Protein chains: 2
Amino acid sequence: MDDLPDEDGTEKLEVWCAGEEWCPVTTTASLIGKKWHPVIVHRLLEHGPSGFNELQENVDGISSKVLSDSLEDLEDNQLVEREIISEKPFRVHYSLTEYGESLQPVIYAMRDWGMQYLNEPDDGSAA
Amino acid sequence: MDDLPDEDGTEKLEVWCAGEEWCPVTTTASLIGKKWHPVIVHRLLEHGPSGFNELQENVDGISSKVLSDSLEDLEDNQLVEREIISEKPFRVHYSLTEYGESLQPVIYAMRDWGMQYLNEPDDGSAA
DNA sequence: CTGAATCCTAAAGGATACTG
DNA sequence: CAGTATCCTTTAGGATTCAG
C-alpha cells in the first residue's frame with residue numbers, strides 16, 4: 001500500500017479499474033491472460049526466435065491448432081512477430097516485438113511467484 | 001536473462017516449462033489468469049478488506065455470480081480469505097492472504113505494463 | 001445486504017486429420 | 001516443416017432469480 005500519493009492520484013485509480021477496457025490490469029490480462037500466452041512469451045524470452053515446431057516442443061502439451069491460434073492472437077496484438085526466413089524448405093521464425101520484450105518484467109514476476117508458490121509446503125492448516 | 005544462477009537451476013528451467021502443471025509461469029497463469037482475478041486482487045491490494053457489494057462496485061461490470069465464483073476460486077487457492085464480520089445484518093470481508101499479498105509484484109507489473117500499453121500511440125506503421 | 005442456484009451463450013482449449 | 005480445417009468438450013462469463 002505504498003503506491004499512491006494521496007489526492008487526485010487516488011481518484012484516478014478509482015476510475016481505471018472500475019471502468020471498461022481502459023483498466024491497465026485488465027488490459028494486460030486481456031492480452032496475456034490466456035492459458036498458453038504467458039508460457040509462449042516466456043519461451044520466446046528464453047530461447048529467442050523459434051520455429052513453429054520448435055516452439056511447440058518447448059511449450060509441450062499444446063496442440064498445433066492452439067499454438068497457431070495463440071500466436072495469431074499475439075501477432076494481432078503486436079506482441080509477437082512472424083518472419084518467413086526461407087521459402088523453399090518453408091521456414092518461419094516467431095519472435096517478440098518490442099512490446100513483447102517489454103513484457104519481461106511481467107512474465108518474470110509471474111515465474112518468480114509461481115516458483116515460490118510451488119515451493120510452499122502448501123500449509124496443511126485449514127483454509 | 002539474469003534469472004538463474006547456473007548449475008542445476010538452469011537445466012530445470014528447460015524442464016519446468018515443457019512440462020505439465022509444474023511450470024511456474026503456467027502455475028501463476030492458472031491461478032490468476034482468469035479474466036477478473038487480477039482486477040479483484042488489485043482492488044483488494046488497493047482498498048484492503050472489502051465487502052461483497054463494495055468489491056462489486058469497484059470492479060464494476062462484473063456480475064454477482066462471476067464475482068462470487070471468482071472469489072470462491074481465489075479462496076480455494078488460498079489467495080483470498082473470507083471473514084464473516086457480522087451475522088445479523090450479514091456482512092463479510094474479503095481480504096488477501098499472505099499468498100495474495102505476495103502477488104503484489106505480479107499485479108503491479110501487469111498494471112504498469114498495461115498503463116504503458118494504453119499510453120502508446122498504437123503505432124500507425126504496418127504490423 | 002450477501003451471495004448461492006439456475007440457466008444460457010460464447011469462447012477457449014483440444015484431438016485428429018489433412019494440405020501447401 | 002508449418003500450418004489449416006473440422007469437430008468436439010469444457011469452461012468461463014453473464015442475466016436473472018431466489019434464499020438466508
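Convention: sequence-line order gives letters A, B, ...; per-chain numbering from 1. Keep in mind that this is a model prediction, so the values were computed, not measured.
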Problem - For A:Ile40 against A:Ser70, the heavy-atom pair lying closest together - result: CD1-CB, 3.6 Å

Problem - Close side-chain approach of B:His42 and B:Arg111, heavy atoms under 4.5 Å - result: yes

Please report, rounded to the nearest Å, how far the [atom2] atom of [N] is from the [atom1] atom of [X].
X: B:Phe52; N: C:dA4; atom1: CZ; atom2: C1'; result: 9 Å
X: B:Leu55; N: C:dT2; atom1: CG; atom2: C1'; result: 12 Å
X: B:Leu71; N: C:dG3; atom1: CG; atom2: P; result: 8 Å
X: B:Glu75; N: C:dT2; atom1: CD; atom2: P; result: 15 Å
X: B:Ile84; N: C:dG3; atom1: CD1; atom2: C1'; result: 11 Å
X: A:Ile40; N: C:dG13; atom1: CD1; atom2: C1'; result: 12 Å
X: B:Gln56; N: C:dT2; atom1: CD; atom2: P; result: 9 Å
X: B:Leu67; N: C:dA4; atom1: CG; atom2: P; result: 10 Å

Handout entry: Qualifying residues under side chain to side chain donor-acceptor pair (under 3.5 Å), relative to A:Ser63, sequence neighbours excluded
Key = none

Practice task
Please name all residues satisfying side chain to side chain donor-acceptor pair (under 3.5 Å) with B:Ser68, sequence neighbours left out, ordered by chain then number.
Solution key: none

Problem - Backbone of A:Met110 reached by a side-chain donor or acceptor of B:Thr28 within 3.5 Å - result: yes

Completion exercise
By side-chain contact (heavy atoms from CB on, under 4.5 Å), A:Glu87 pairs with (sequence neighbours left out) A:Ile84, A:Phe90

Handout entry: Sequence-distant partners of A:Arg91, side-chain contact (heavy atoms from CB on, under 4.5 Å), two or more places apart
Key = A:Ile85, A:Ser86

Practice task
For B:Val66, report the nucleic acid contact type (base, sugar-phosphate, nothing); a contact means any heavy atom under 4.0 Å.
Solution key: base

Practice task
Step through the shown structure and confirm whether more than 12 heavy atoms of other residues, nucleotides or ligands are within 6.0 Å of CD on B:Glu54.
Solution key: yes

Exercise for the section: Ignoring backbone atoms, establish whether A:Trp36 has a side-chain N or O less than 4.0 Å from OP1 or OP2 of C:dA12. Expected result: no

Practice task
May I ask you to evaluate whether B:Arg91 reaches the phosphate of C:dT2, defined as a side-chain N or O under 4.0 Å from OP1 or OP2?
Solution key: yes

Problem - Aromatic ring pairing B:Phe52/B:Tyr94, orientation class (parallel under 30°, perpendicular over 60°, tilted between) - result: tilted

Problem - chain A contact limits on DNA chain D, taken 5' to 3' with a cut-off of 4.0 angstrom to heavy atoms - result: D:dC1 to D:dT6

Please write out the pairs of protein N or O atoms and N or O atoms of nucleotides 15-20 of chain C separated by less than 3.5 Å, giving the distance to one decimal.
none

